[in-house]
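Sequential numbering from 1 along the given sequence is applied to the chain's residues.
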Amino acid sequence: MPCKSYSLPTEACITGFKMSQIEGSICSLCYANNGFYKVYENTIKPAQFARLDSIDSDYWVSGMVAHIGNDAFFRWHDSGDLQSLTHLEKIVTVCAATPGTKHWLPTREYGIIKALIAKHGKNSIPGNLTVRLSAMYPDKPVTVPVSLQGVPGVTVSNVHTEKPIGESCKAPTQNGECKDCRLCWSEAVVSYALH
């Protein structure tokens with residue numbers, strides 16, 4: 001990952017936790033429960049739970065703005081997902097306060113994104129935030145809910161086993177690295193190889 005990211009425990013995923021119980025779903029194979037996340041879980045898990053607890057703090061927004069600083073790119077939730085509309089509203093506030101940073105927010109919490117649009121309007125996602133509605137199953141493209149179609153800043157990411165459904169992520173051909181690719185921060189439909 002070419003930037004800082006924000007990680008929460010997968011146990012706190014709302015939709016993702018339910019999906020993890022369904023064999024063959026992407027969440028049942030969640031990378032954030034394996035690999036280095038698993039090897040270093042004694043360090044990672046306590047930090048993730050501390051972050052989860054901190055979301056309700058009055059200082060969370062200012063703390064995140066300070067943490068991101070002048071970074072060019074930031075990824076929300078390399079592990080975990082949105083917790084509530086209030087959580088998303090705080091993320092939107094952070095994005096608005098860091099206009100020089102491109103933010104990427106992958107999520108399976110379509111309902112929380114719909115709630116933001118219903119409450120604040122179609123243009124409530126800052127121009128520097130890309131919200132990616134994440135696929136639930138490999139090789140099954142995301143269907144964007146009608147209420148989110150045409151909303152600036154909302155796009156999708158799919159997962160494929162053989163043939164990409166969108167622009168294929170380059171990382172598998174680049175030793176698992178993004179290198180100079182920043183496709184995830186664009187509005188392009190991205191397709192990730194199942195991993």
Side-chain angles (χ1 to χ4, degrees), residues 1-8 10 12-20 25-27 29-32 64 68 71-85 87-96 98 101-118 120 122-161 163-172 176-178 181-195:
M1 190 57 50
C3 64
K4 295 173 189 168
S5 63
Y6 188 80
S7 179
L8 294 175
T10 57
C13 290
I14 302 166
T15 299
F17 186 76
K18 293 174 191 168
M19 292 300 298
S20 72
S25 73
I26 294 165
C27 294
L29 306 166
C30 183
Y31 66 83
M64 288 306 303
I68 293 166
D71 291 356
F73 295 91
F74 189 80
R75 178 184 177 177
W76 294 96
H77 307 136
D78 60 288
S79 172
D81 207 335
L82 293 169
Q83 298 297 298
S84 65
L85 175 57
H87 181 200
L88 178 55
E89 288 171 325
K90 286 184 172 188
I91 289 172
V92 165
T93 302
V94 170
C95 294
T98 54
T101 302
K102 288 286 291 172
H103 295 262
W104 161 34
L105 171 61
T107 185
R108 289 192 173 83
E109 299 303 332
Y110 302 5
I112 294 175
I113 306 302
K114 291 191 318 190
L116 178 80
I117 301 307
H120 298 286
K122 186 176 180 178
N123 295 311
S124 56
I125 296 174
N128 63 331
L129 171 59
T130 299
V131 175
R132 288 195 171 281
L133 304 179
S134 300
M136 303 289 183
Y137 294 93
D139 301 317
K140 185 174 179 187
V142 172
T143 300
V144 178
V146 173
S147 60
L148 295 179
Q149 291 177 9
V151 172
V154 174
T155 188
V156 303
S157 59
N158 298 303
V159 173
H160 64 275
T161 55
K163 184 179 178 186
I165 310 165
E167 261 189 85
S168 189
C169 170
K170 296 177 184 178
E177 298 176 13
C178 298
C181 180
R182 298 296 179 271
L183 190 62
C184 294
W185 288 267
S186 76
E187 289 200 24
V189 174
V190 178
S191 190
Y192 304 105
L194 183 62
H195 61 286

Just jot down the side-chain contact (heavy atoms from CB on, under 4.5 Å) partners of [X], sequence neighbours excluded, or say none.
{"X": "V156", "result": "L133, V142, V144, N158, V189"}
{"X": "A12", "result": "P9, L52, Q83"}
{"X": "D139", "result": "H160, T161"}
{"X": "T93", "result": "V61"}

| query | Side chains of E109 and T15: donor-acceptor distance under 3.5 Å anywhere? | reply |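 A donor-acceptor contact under 3.5 Å links the two side chains.
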Any heavy-atom pair between the side chains of [Y] and [X] that's under 4.5 Å?
{"X": "L82", "Y": "I113", "value": "yes"}
{"X": "Y6", "Y": "H77", "value": "yes"}
{"X": "M19", "Y": "C13", "value": "no"}
{"X": "L88", "Y": "V131", "value": "no"}

Would you check if the side chain of [X] reaches a backbone N or O of [Y] as a donor-acceptor pair within less than 3.5 Å?
{"X": "D81", "Y": "T107", "value": "no"}
{"X": "Y137", "Y": "V159", "value": "no"}
{"X": "R108", "Y": "A135", "value": "yes"}
{"X": "E177", "Y": "A171", "value": "no"}
{"X": "S191", "Y": "I165", "value": "yes"}
{"X": "S147", "Y": "K114", "value": "no"}

Roughly how far apart are [X] [atom1] and [Y] [atom2], rounded to 0.5 Å?
{"X": "R75", "Y": "S7", "atom1": "CZ", "atom2": "OG", "result": "9.5 Å"}
{"X": "D78", "Y": "L8", "atom1": "CG", "atom2": "CG", "result": "9.0 Å"}
{"X": "I112", "Y": "E89", "atom1": "CD1", "atom2": "CD", "result": "10.5 Å"}

| said: Applying side-chain contact (heavy atoms from CB on, under 4.5 Å) to Y192 and S134, what does each step give before you reach the verdict? | reply: CA-CA 10 Å; Y192 304 105; S134 300; over 6 Å; no
Heavy-atom pair with the smallest gap, counting every atom of [X] and [Y]:
{"X": "H103", "Y": "I68", "answer": "CE1-CD1, 3.7 Å"}
{"X": "L183", "Y": "R132", "answer": "O-NH2, 3.3 Å"}
{"X": "C95", "Y": "W76", "answer": "SG-NE1, 4.1 Å"}
{"X": "T101", "Y": "N128", "answer": "O-ND2, 2.9 Å"}
{"X": "T130", "Y": "S186", "answer": "CG2-O, 3.1 Å"}
{"X": "G80", "Y": "T10", "answer": "N-CG2, 4.3 Å"}

| When you look at NZ of K18, are more than 12 heavy atoms from neighbouring residues, nucleotides or ligands closer to it than 6.0 Å? |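 It does not: K18 NZ has 12 such atoms or fewer within range.
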| task | Evaluate side-chain contact (heavy atoms from CB on, under 4.5 Å) for I125 paired with H120, printing each intermediate quantity in order. | result | CA-CA 9 Å; I125 296 174; H120 298 286; over 6 Å; no
| request: Sequence neighbours left out, what passes salt bridge (charged side-chain N to carboxylate O under 4.0 Å, His left out) with K170? Give chain and number order. | output: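 Listed in chain order: nothing, the list is empty.
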| request: Not counting sequence neighbours, which residues clear ring pair (Phe, Tyr, Trp, His ring centres under 6.0 Å) with F73? List them please. | output: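 Partners of F73 under the ring pair (Phe, Tyr, Trp, His ring centres under 6.0 Å) test: W185.
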